[in-house]
Protein chains: 2
Amino acid sequence: MLKSIIDNRENYQPGLSIDCVIFGFHDNQLKVLLIKTKHSEEWALPGGFVPVDEDIDQAAVSILHGRTGLEGIFLRQFSTFGTVKRNQDHFSNKVLEFYEIPLEEGKWYASRFVTIGYYALVDFLQTVPQPEGKNEIVEWIDHDAVPDLILDHKEILDKALETLRMELNLIPVGYNLLPEKFTIPELQKLYETILGRKLDRRNFLRKITAIGILTKLDEKKSNVAHKAPNLYSFDRDKYNEVVRNGLHQGW
Amino acid sequence: MLKSIIDNRENYQPGLSIDCVIFGFHDNQLKVLLIKTKHSEEWALPGGFVPVDEDIDQAAVSILHGRTGLEGIFLRQFSTFGTVKRNQDHFSNKVLEFYEIPLEEGKWYASRFVTIGYYALVDFLQTVPQPEGKNEIVEWIDHDAVPDLILDHKEILDKALETLRMELNLIPVGYNLLPEKFTIPELQKLYETILGRKLDRRNFLRKITAIGILTKLDEKKSNVAHKAPNLYSFDRDKYNEVVRNGLHQGW
DNA sequence: CCAAAAGTGTTCGAAATACACCCATGT
DNA sequence: ACATGGGTGTATTTCGAACACTTTTGG
C-alpha cells in the first residue's frame, strides 16, 4: 500500500495527508476505529493520501469507504495539522525496510506532512472493518481505552471529539451513529457519552422531541430486561432540514 | 515575490498555501484587508506559502505580520480548501509572463494548491497595509462592498465570516478589533456588524457586562455630537481567561 | 429649544432545571 | 415479590426578549 503510493507519488498531492477519526457507538461506549500495521506496536488513525485529481473531501470519503465499506456517511472536516515536527518520528528506517522502499524514494515520505482531519459518525453494526492487505489490523477501540497513538494522532482525536461536542449544539447527532430503530435511552446514552456527563431523562426527552426529528414507532424493543422501551426512528427529511438550518439550542 | 518563491520552491511545502481573511472595524463598517496585483484586475485574500521548516500556524502569523505589521494577533484556522479545480484558473500564462517564469518551473505553480484558511481580527487604526513590492496594492475594503475575488477566495471569505459568527457564541470578540478605549455603542455596532442584525441596546449592555471582561473607565468620549458616551476598556486578564474557558451563551 | 444618541429598569414568556411516582419485565 | 430500568408531569428558576422614558450635548 505505502510502497505503491510512493511508487506512484506523482499521482498524489505531495506533503499532504488525511486522517479520519471514525466514531461509532455500541454497548453504551463511544468507539473509535483505529488501525495498526504489523511493523508497529502503536495504533493510528485511518488515513491516506490525496490523489492529485481528487477533491480533498472526496479523498476523505474514499478513505472512509475503504476502511469501513460505508457510503453516504456523515463526514466533516474539522482541522488541519501542520507542525514541522509532527511526522518526524514517522520516518524510521524500519518502516522503509519493512516496505522495501529505497531511501531515496523514502524522502518523499520523510518530509513534513500536513494532515487534514476529518471526523465521521458511523453505524457500528453496519461497519465491517476492512484491513488493507494482511499487514493491517483494523479495530474498534473504546474511546475510554484508546492507547497511545502514533505521531500527533492523539491530539487529532481529542480535537475531533472537542469539535463533535461543540457541534452537538449546532446539529442533531445520531442518524449515522445509531441503527435504524433505537430507543430514547440509547439516544440519551449516546449524547451522554459524547458529552461525558449525565443528562436528566425527562428533560432529555422533552428537548430531543421538541426538535421534531423523531418518529415514535408503534413498536417496543423486545428481549430486553425490565420494561420494554419504545422504538423510535429518525424522520429523515426533518433531520436533514435541521442539519441544514442548524439547531438553536445547547446542551 | 512569486518568482523568488518558485526559484526556491524546494524550501516551501509543495501544493500548499495559506490564505488569511483579515477583519478590521472602522466607521461602523466591517472591513476586510484585500490585495491586488498589478497583473490582475481582481482582488485576492492576502496569502502565502508554507516554508518547510515552519509550522503552518507560524506561517500564517508571518503572512499576517508581513501584510499588516501587526504582532500578537487573534488568528484562527477555520477551514482547509482543496477542490481539484480551485486554482485551475490561476495558472495563466499571463501571470507567468508577468513574473518572467519559465513554463517548466511554472508547473509547480500550476498544480492544485490546497489552501488553509485563517482569519484574523485586527485593530484597524493600528494596521498599516504593507504591499510587498511595487506590484501589489493592499487595501481595506468594506465587507459590504467586496468585489469578485480570484479563485474561490469569496467562498473562503464567506466561510470565515460564518465561522466568526459562530465563534461569537463561544468567545468574546473585540479585543483586537477595537482601540484601547471604546464605548459600549461601538462594541455593540461591532457585534451587530459581524452578526448582520440589530441588537437591543439595553439587553446588549446587560449581557456584555455580565461576562465580566469590561472595565468602565472614569472618562467619557469627548468631541462627539450628543450625549458623551462612557469609555470602557477590556480587562485583559479576564478577557483571556474567558477566551480560554469559553463562553456559555449565545447571541 | 430641539434633534440625536446615551443611559437606565421592569415585565413577560420561554426554556432549563430539579424533582417523584407509577409501570412493565426478567429473575 | 422485587429489583431494575422506562415512562410521564409539574413547580421553580433562570434567561432572553420586548419595551419607554429621561439625560446630555451640539447645532
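Residue numbering restarts at 1 for every chain, and letters A, B, ... go by the order of the sequence lines.
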Rounded to whole angstroms, how far apart are [atom1] on [X] and [atom2] on [N]?
X	N	atom1	atom2	value
Asp200(B)	dT10(C)	CG	P	16 Å
Glu186(A)	dG6(D)	CD	C1'	12 Å
Leu205(B)	dA18(D)	CG	P	17 Å
Leu214(A)	dG7(D)	CG	P	12 Å
Phe182(A)	dG6(D)	CZ	P	15 Å
Leu199(A)	dA18(C)	CG	P	11 Å
Leu247(A)	dA15(C)	CG	P	13 Å
Phe204(B)	dA18(D)	CZ	P	16 Å

Between Glu42(A) and Lys154(A), does a salt bridge (charged side-chain N to carboxylate O under 4.0 Å, His left out) hold up when you go through it step by step?
CA-CA 11 Å; Glu42(A) 285 179 305; Lys154(A) 190 60 167 277; over 6 Å; no
Are a donor atom and an acceptor atom from the side chains of [X] and [Y] found within less than 3.5 Å of each other?
X	Y	result
Glu167(A)	Tyr119(A)	yes
Asp19(A)	Thr115(A)	yes
Asp57(A)	Tyr118(A)	yes

Taking atom types as they are modelled, is there a donor-acceptor pair under 3.5 Å from the base of dA6(C) to the side chain of Asn230(B)?
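Absent.
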Measure distances between side-chain N and O atoms of Asn203(A) and base N and O atoms of dA18(C), and say whether any donor-acceptor pair falls under 3.5 Å.
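Such a pair is found, so the answer is yes.
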Any chance CZ of Arg236(B) has more than 12 other-residue heavy atoms, nucleotides or ligands included, within less than 6.0 Å?
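Check fails, neighbour count at 12 or below.
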If you restrict it to nitrogen or oxygen atoms, what contacts under 3.5 Å exist between nucleotides 21-27 of chain C and the protein, and what is each distance?
| unit_1 | atom_1 | unit_2 | atom_2 | d |
| --- | --- | --- | --- | --- |
| dT25(C) | O4' | His226(A) | O | 3.1 |

Considering residues at least two apart in sequence or located in another chain, which fulfil the side chain to side chain contact (heavy atoms under 4.5 Å, CB included) criterion with Lys221(B)?
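With neighbours one apart ignored, the set is Thr183(B), Glu186(B), Val224(B), Pro229(B), Leu231(B).
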For dG7(D), does either OP1 or OP2 sit under 4.0 Å from a side-chain N or O belonging to Lys221(A)?
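Looking at the OP1 and OP2 atoms of dG7(D), neither is under 4.0 Å from any side-chain N or O of Lys221(A).
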Does a side-chain N-to-carboxylate-O contact under 4.0 Å join Glu139(B) and Lys36(B)?
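Judged by the 4.0 Å cut-off on N to carboxylate O distance, Glu139(B) and Lys36(B) do not form a salt bridge.
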Salt-bridged, Arg201(A) to Glu192(A), with N to O below 4.0 Å?
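Result for this pair is no, no salt bridge flagged.
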Could you check which of dG7(D), dA18(C), dT8(C) has an atom nearest any side-chain atom of Arg206(A)?
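So the nucleotide nearest the side chain must be dA18(C).
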From dA18(D), dA6(C), dT17(C), pick the nucleotide closest to the side chain of Pro185(B)?
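Closest nucleotide to the Pro185(B) side chain: dA6(C).
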For residues 187-198 of chain A, which residues have at least one heavy atom under 4.0 Å from DNA chain C?
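Output list: empty, so none.
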Using modelled atom types only, decide if a donor and an acceptor are shared between the side chain of Asp200(A) and the backbone of Arg202(A) within a distance under 3.5 Å.
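Judged by distance alone, yes, a pair lies under 3.5 Å.
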